[in-house]
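Heavy-atom basis, side chains included; hydrogens, waters and symmetry copies ignored. Note that this is a predicted model, so its numbers are computed, not measured.
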2 protein chains.
Amino acid sequence: MTGKKTTSPIGRPPLLRRTNALTLLKLLREAGTCSRADLVRTSGMSAPTVTNVIADLLSAELVQPLGEGASNGGRPPDLIRFKAERGCLVSVRITAQFVSFLLTDLCGKELDTSEVWLAGRKTTPEAMCALIAEETRRIVRAQGLKRDQVLALVAGVPAITNVDEGVVLAISTLENWHDVPLRSMLKRSVGCQVTVENDTNLAALGERMEGAAQGETSFVEIDIGANVSAGIVLDGRLYHGAQWSAGEIGYLRLPHISRRDPVVHEFGALEAVLSSTGIQQSWRETTAQLGTTMRGAGRVDVTAILDMAQRGEAAAKQVVKQRAAIVADVIVNLSLILNPGLVVLGGEVGRHPALIGFVRKELERSEFAVPRIAAASLGEAAVLRGAIAMALETIPSILLPLP
Amino acid sequence: MTGKKTTSPIGRPPLLRRTNALTLLKLLREAGTCSRADLVRTSGMSAPTVTNVIADLLSAELVQPLGEGASNGGRPPDLIRFKAERGCLVSVRITAQFVSFLLTDLCGKELDTSEVWLAGRKTTPEAMCALIAEETRRIVRAQGLKRDQVLALVAGVPAITNVDEGVVLAISTLENWHDVPLRSMLKRSVGCQVTVENDTNLAALGERMEGAAQGETSFVEIDIGANVSAGIVLDGRLYHGAQWSAGEIGYLRLPHISRRDPVVHEFGALEAVLSSTGIQQSWRETTAQLGTTMRGAGRVDVTAILDMAQRGEAAAKQVVKQRAAIVADVIVNLSLILNPGLVVLGGEVGRHPALIGFVRKELERSEFAVPRIAAASLGEAAVLRGAIAMALETIPSILLPLP
DNA sequence: GTAACTTTTTTAGTGTTACTTACAAAGATC
DNA sequence: GATCTTTGTAAGTAACACTAAAAAAGTTAC
């Protein structure tokens, strides 16, 4: 179910070259600019091997010669670098309101971004696919890149996704999005390797690459916004579960969550309470009780409610504190099961300092070890950045295919 | 924290030989007995390569020639097999009451078992270590094996364990068992490679190898007996968490579990209710209310209570049903977070048909997808078998070390 | 200003490995 | 008994990495 490769690897001589090329390419990307001698030192390979492998990479245009560098007391080094502009990567984030794009070079450096709003457009899978293909072509051409230079596209969707097959289970807020074979559809349209992933999973990868979870090997990102879901990274890799629905925590059974009163039937009980709409509704009820004279009673922006709680306003504080207690229960249960090193709180609600403050306070009362808590630091960009992080992992195998 | 190898692999020619030897050894162990020609067909390597690699394995005494087989219409094949008797594996299960042993050949076939009861003995780490070393030597010698033929020892302990360092955190029911460097102690005593693991984790591996979880890549074993804990296998590998405490589910926060009333302070609230002692206590209270005339009121054997529930006796049924509802909540939460393909219920309480029956019934009411539920099928043998399963995974790298 | 030293890179030769092709061994089939 | 089939080995070639040595191109010392 999780795409195990059952083919036992068979060792032929070219495998060595590929292994070593992969190693050197990785070192080159980490180092930025360096000489062959540097690679000899860091890789542990012999000098002739490094020269030979680099010669291969040069003829494949994966590496660019930069000329002489400054001498270190002897012959000056011949500097080289990974040719990040040889190709590009595209990440796409699909939501019910808009589709956003990020174009980067092969080092993950941003080249362009773009956003297309869906209001008034058709949102069937076919229409969205055409939209994505068209916009991708546009931003690629705008950078002076050719179509075949797009090496990978990674798309994030707010849905359970079979990543192996590239099939999106369901997006209820879009037309006809049930069991959509998005990967094969996009592959046909854009012509490069395509990966489709759950958006929260990608957000977690984004936070690991350049956000709040750098260097973590096992952590969980809990996104609380319009929906509630978790992205799980274990021992360095995304974990999906047997049927791709790991992290769908909206239905967790916790103390103080009423199972008898499913306000919104499509949502889990937990989701109904924690999500933006749940908080807004709770706020309306509270303010209605207190009378409409109350400041901000008419507003329904969640961030505004959280801001008020942060400033210490009693009614908002109470609403947020209730949520924090539940989030703390979620974190405790997640920790007991998974023992992550870190929990990242993301999403409109999750990353707000007011919520995180109360959650931390709630967890202090816990008797046993509790993970560190951090606010997601990439905000809306997390999904697109995470998609690029995923694409960066796949490009070595695209750039250096088995012979 | 989880023992990542950061050294980038460097491809030298001997690596090819090792890779191919590993592949052939694996195929040989799966096939039992076969010819070189069979290996050529299944491995994809050329015939000369197979001959050469097998020649290496023959001179290393890892493979045994069996002479000619029956002809298939041409020259008769030269049969060979993996030499399972070249060495042996030892697994050890440490509990507060006894230490049990299992000796197997390199295919995991049982050669001998043994059990040492601890009543009246010293149970300090040093004493236990000496006991294990002595008993290991005894059963190894009894089989006519030499000490250096013991290739690996795997020990299961009822405690949180740092597997990388081989350190046991704490066993409260044994003297002085706090931060015990058991692996290095045992390694010094028995002289072979040693692994120390949590017992529930090993039980899960046992069930995967030859029990209820065969073929599963992501599943959870929940053990309910004297304690409550889970062993987690994700994408084919044991998952330990960032601080080695994944699966310590005894403190889960669930509905209907009172946090205000920790009956036994050393246990989590959940553990206090679900464990054998929790059920026994609840049974005593129930029967006390009903009067002592009741059949079985004096007995405190958990299995007897579960048996009564199975037979439909009302009081026992009620006690068990309460537990089943809680177990169902645990399974639901585990499933939402991890989406395992299977949940194996083990332990004295967990594997009992009465409990499992009620749990299944409870889960039927759940709105969404729920994993398959199975009873652990290996019983008390699970830990020792799982330890052997783990040892079997490590022996290729012992048998064929890098040059 | 030249000789000696350093650092970097390349060349030449050797050893390991697996592959293809050809061949030998040994029984089955006709 | 001649031919086919299957199995296993031998010889030669190609890919690869390694060591040793040399070449390239500077810096440092006197």
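- Summarising the geometry, the separation between CD1 on A:Ile54 and C1' on C:dT8 is reported as 14 Å, rounded to the nearest angstrom.
- A distance-only check finds no donor-acceptor pair linking the side chain of A:Ser91 to the backbone of A:Val154 [under 3.5 Å].
- Within the nucleic acid shown, A:Thr51 comes within 4.0 Å of at least one base atom, counting heavy atoms only.
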Show each protein N/O and nucleotides 2-6 of chain C N/O combination with a separation under 3.5 Å, one pair to a line.
residue: C:dT6; atom: O4'; partner: A:Gly73; partner atom: O; Å: 3.3
residue: C:dT6; atom: O2; partner: A:Gly73; partner atom: O; Å: 3.4

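- Applying the 6.0 Å contact sphere to CD of A:Glu61 captures no more than 12 heavy atoms from other residues, nucleotides or ligands.
- The side-chain hydrogen bond (donor to acceptor under 3.5 Å, both in side chains) test applied to A:Glu85 returns A:Arg81, not counting sequence neighbours.
- Interatomic distance, B:Gln143 CD to B:Leu111 CG, rounded to the nearest 0.5 Å: 5.0 Å.
- Rounding to the nearest 0.5 Å places CG of A:Leu62 at 5.5 Å from CG of A:Leu57.
- In terms of modelled atom types and a separation under 3.5 Å, the side chain of A:Arg208 and the main chain of A:Gly236 share a donor-acceptor contact.
- A:Arg183 contributes no side-chain N or O that, together with a main-chain N or O of A:Ala155, makes up a donor-acceptor pair within less than 3.5 Å.
- Contact of the A:Val140 side chain with the A:Leu103 side chain is registered, since non-hydrogen atoms from C-beta on lie closer than 4.5 Å.
- A:Pro77 and A:Ser35 make their closest contact through CB-CB, 3.4 Å (heavy atoms, listed as atom of the first residue, atom of the second, distance).
- Without hydrogens or angle criteria, B:Arg86 side chain to B:Ala60 main chain gives a donor-acceptor distance under 3.5 Å.
- For residues 36-57 of chain B, every residue pair satisfying the salt bridge (charged side-chain N to carboxylate O under 4.0 Å, His left out) rule, not counting sequence neighbours, is listed here: B:Arg17-B:Asp56, B:Arg36-B:Asp78, B:Asp38-B:Arg41.
- Going from atom CD1 of A:Ile395 over to atom CG of A:Leu106 covers 4.5 Å, rounded to the nearest 0.5 Å.
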Please produce a list of atom pairs where a protein N or O lies less than 3.5 Å from an N or O of nucleotides 16-19 of chain C.
residue: C:dA18; atom: OP1; partner: B:Asn20; partner atom: ND2; Å: 2.6
residue: C:dA18; atom: OP2; partner: B:Arg17; partner atom: NE; Å: 3.1
residue: C:dA18; atom: OP2; partner: B:Arg17; partner atom: NH2; Å: 2.7
residue: C:dC19; atom: OP1; partner: A:Arg12; partner atom: NE; Å: 3.1
residue: C:dC19; atom: OP2; partner: B:Ser46; partner atom: N; Å: 3.2
residue: C:dC19; atom: OP2; partner: B:Ser46; partner atom: OG; Å: 2.6
residue: C:dC19; atom: OP2; partner: B:Thr49; partner atom: OG1; Å: 2.4

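- For DNA chain D, the span of nucleotides reached by chain B at under 4.0 Å from its heavy atoms goes, 5' to 3', from D:dT5 to D:dC18.
- The rotation axes computed at either terminus of the helix from C:dG1-D:dC30 to C:dC30-D:dG1 lie 20° apart, taking five pairs at each end and rounding to 10 degrees.
- The structure places CG of A:Leu151 at 6.0 Å from CG of A:Leu399, a figure rounded to the nearest 0.5 Å.
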